[in-house]
Structures are given as C-alpha cells and as structure tokens.
Amino acid sequence: MTQPTPWRSACEQALRRFSDADSIRFWGIGHEVEGTYQPIFNYRFEHTYAAVLLARWLAPATGADAEVVECAAWLHDVAKRLKDPHAKDSHAQDASAKVAEILAGTDFPAEKIPAVRHAIEHHVGLKLTKRLEPLETACLWDCDKLSKIGAASLIHFGCISGAFQPITTAEILRRGTAWLDLARSITTSFNTEPAREEGRRRLAFLEAHYAQLRREWSDPAEMTPP
C-alpha cells in the first residue's frame with residue numbers, strides 16, 4: 001500500500017516550484033549552483049518560511065489548530081507573483097483554489113482543508129478594523145504581518161528592494177522610516193495577544209535600527225554625543 005506524502009513536504013515543494021520560477025522570471029537572471037539554476041533571491045519563499053516559523057509558535061500559544069495554521073502559512077502566497085503589471089491581485093483566492101490539489105495524496109486531514117482555505121482567503125491587508133474569526137484565520141493574518149516586522153524583514157526587504165528601483169543608503173533610510181508608521185498600525189491590528197507582544201518587541205527593534213542608521217548617515221558632527 002502506498003504511503004501518503006507528508007503534507008509539509010508537499011506544501012514546501014509546491015511553494016518552491018512556483019516561487020523559484022516566478023523569482024527567475026522577475027529578476028531575469030539567476031545563478032547556476034550545483035547544476036540547478038536558482039534565483040538571485042526568492043523573496044516569496046523566504047517571507048513564507050518566516051510566516052511558517054511564526055505559525056509553529058503562535059498556534060500553540062493561542063490554542064489554535066496547529067496543522068491548519070501552519071498549512072495555511074505555507075500556502076497563503078502560493079499563487080502570488082512578484083510585480084506582475086498585467087495581473088489583478090486575486091492571489092488569496094487563487095492560492096485557496098490550489099489547496100486541495102496540493103494536499104491531494106498527502107496525510108493532511110481532509111476535514112481541515114476548508115479551514116485552511118478560509119484562513120488564506122482572509123489574510124490580505126495590512127490593517128484590520130475588527131478581529132478576524134475563527135482563531136486559525138486570525139493567527140494566519142498575524143503570522144503573515146509579523147513576518148514583515150523585525151530583523152528578518154530587514155534582510156528580505158533589503159535583498160528585494162533593488163529589483164524594484166535604484167537603492168541607496170539614504171533611500172533605504174527614507175523608505176524604512178516611512179514604513180515605521182505602517183508597522184505601528186500593523187502592531188495595533190494584531191488579532192492575538194502573543195502577536196501583539198511580539199509585534200511590540202519587533203517594532204522597538206526596527207525603531208532602534210533606523211535611529212542608528214540615521215545617526216550613522218548624518219553629519220559627522222552629529223555623531224558626537226552632547
């Protein structure tokens with residue numbers, strides 16, 4: 001009897017296939033590594049993995065169904081293309097439509113698929129006017145947005161920024177400082193208390209980071225403490 005495929009492996013492979021190809025399309029160039037052509041930087045995969053790590057922490061911390069939250073984290077952007085000017089952003093619905101096919105033949109509980117799809121369909125947006133329900137849907141939103149705040153987010157944004165526009169240190173500082181206002185709004189929008197607490201810690205780190213960058217990238221006379 002054929003054993004079912006582990007669902008985490010199926011999710012990761014599906015995401016990798018889609019995001020590697022889309023990243024190479026986006027950058028227009030890659031690197032040959034041990035016989036495999038790889039993108040310069042696969043932002044979609046790195047962001048998603050950050051959300052998955054958060055899902056593995058947040059679901060147990062809140063009492064949410066861990067399988068639903070992690071599976072939704074793996075697949076929430078599995079149909080989102082980078083900077084496609086010809087595409088309408090329907091990536092949440094498109095990703096939801098792929099869930100059953102990706103999980104077919106795996107050991108993921110079929111009765112939980114609707115909950116995964118619901119979470120994916122409601123993860124879009126950077127602010128909330130009301131808390132999301134059920135808890136698993138709320139957790140995915142929190143994990144997705146938490147992944148955009150903190151040390152890893154600096155790496156992700158820094159690696160991808162040059163593909164969108166010319167980048168300088170001054171421009172990174174300007175854009176990062178502007179992002180702080182949105183990051184503060186995100187932090188107040190989190191659905192769960194653990195996410196709000198972690199969001200506040202990460203926000204404090206970002207504020208300190210950009211304050212230090214501003215200090216370093218200013219008039220040398222301003223470097224000397226009063």
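For clarity, every value in this text was computed on a predicted model and none was experimentally measured.
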Give a yes or no on whether [X] atom [atom1] has more than 12 heavy-atom contacts from other residues, nucleotides or ligands under 6.0 Å away.
X: E133; atom1: CD; value: no
X: E111; atom1: CD; value: yes
X: K98; atom1: NZ; value: no

With a 4.5 Å cut-off on side-chain heavy atoms, are [Y] and [X] touching?
X: W7; Y: E70; value: yes
X: R202; Y: L146; value: yes
X: I186; Y: L203; value: no

- Query: In terms of ring plane angle, is the pair Y43 and F41 parallel, tilted or perpendicular, where the classes change at 30° and 60°?
  - Reply: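 Ring orientation of Y43 relative to F41: tilted.
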- Parallel, tilted or perpendicular, as decided by the 30° and 60° cut-offs, for the rings of F164 and F26: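 Taking F164 first and then F26, their aromatic rings sit tilted (interplane angle of 30° to 60°).
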At what distance, to the nearest 0.5 angstrom, does [atom1] of [X] lie from [atom2] of [Y]?
X: I149; Y: R184; atom1: CD1; atom2: CZ; result: 11.0 Å
X: L15; Y: I102; atom1: CG; atom2: CD1; result: 8.5 Å
X: C143; Y: W57; atom1: SG; atom2: CH2; result: 7.5 Å
X: L126; Y: L182; atom1: CG; atom2: CG; result: 5.0 Å
X: H123; Y: L132; atom1: NE2; atom2: CG; result: 11.5 Å
X: T168; Y: W217; atom1: OG1; atom2: CH2; result: 8.0 Å

- Query: If we ignore angles and hydrogens, is there a donor and acceptor under 3.5 Å between the side chains of S19 and N42?
  - Reply: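 Per modelled atom types, S19 and N42 side chains form a pair under 3.5 Å.
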Output yes when a side-chain donor or acceptor of [X] lies under 3.5 Å from a complementary backbone atom of [Y], and no otherwise.
X: K145; Y: K127; answer: no
X: D22; Y: L82; answer: yes
X: H47; Y: R44; answer: no
X: R131; Y: A138; answer: no
X: E136; Y: D65; answer: yes
X: R196; Y: N191; answer: yes
X: S189; Y: L128; answer: yes
X: S23; Y: D20; answer: no
X: D107; Y: P4; answer: no

- Taking it one step at a time, do L154 and Y210 satisfy side chain to side chain contact (heavy atoms under 4.5 Å, CB included)? CA-CA 10 Å; L154 293 177; Y210 286 113; 3.3 Å; yes
Please name the pair of heavy atoms, one in [X] and one in [Y], separated by the smallest distance, quoted to 0.1 Å.
X: S147; Y: L54; result: N-CD1, 3.5 Å
X: I40; Y: W27; result: CD1-CE3, 3.8 Å
X: F108; Y: L103; result: CD2-CD1, 3.7 Å

- Item | Lys NZ or Arg CZ of R16 over F45 ring: under 6.0 Å, within 45° |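 Judged by the rule (NZ or CZ under 6.0 Å from the ring centre, within 45° of its axis), R16 counts as positioned above F45.
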- Between L173 and F205, is there a shared hydrophobic cluster once you connect ILVMFWY residues whose side-chain heavy atoms come closer than 4.5 Å?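 Yes, L173 and F205 fall within the same hydrophobic cluster.
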- Task: Any chance you could lay out the ring pair (Phe, Tyr, Trp, His ring centres under 6.0 Å) test for W179 and F157, step after step, and finish with the verdict?
- Result: CA-CA 11 Å; W179 171 254; F157 294 156; 5.8 Å; yes
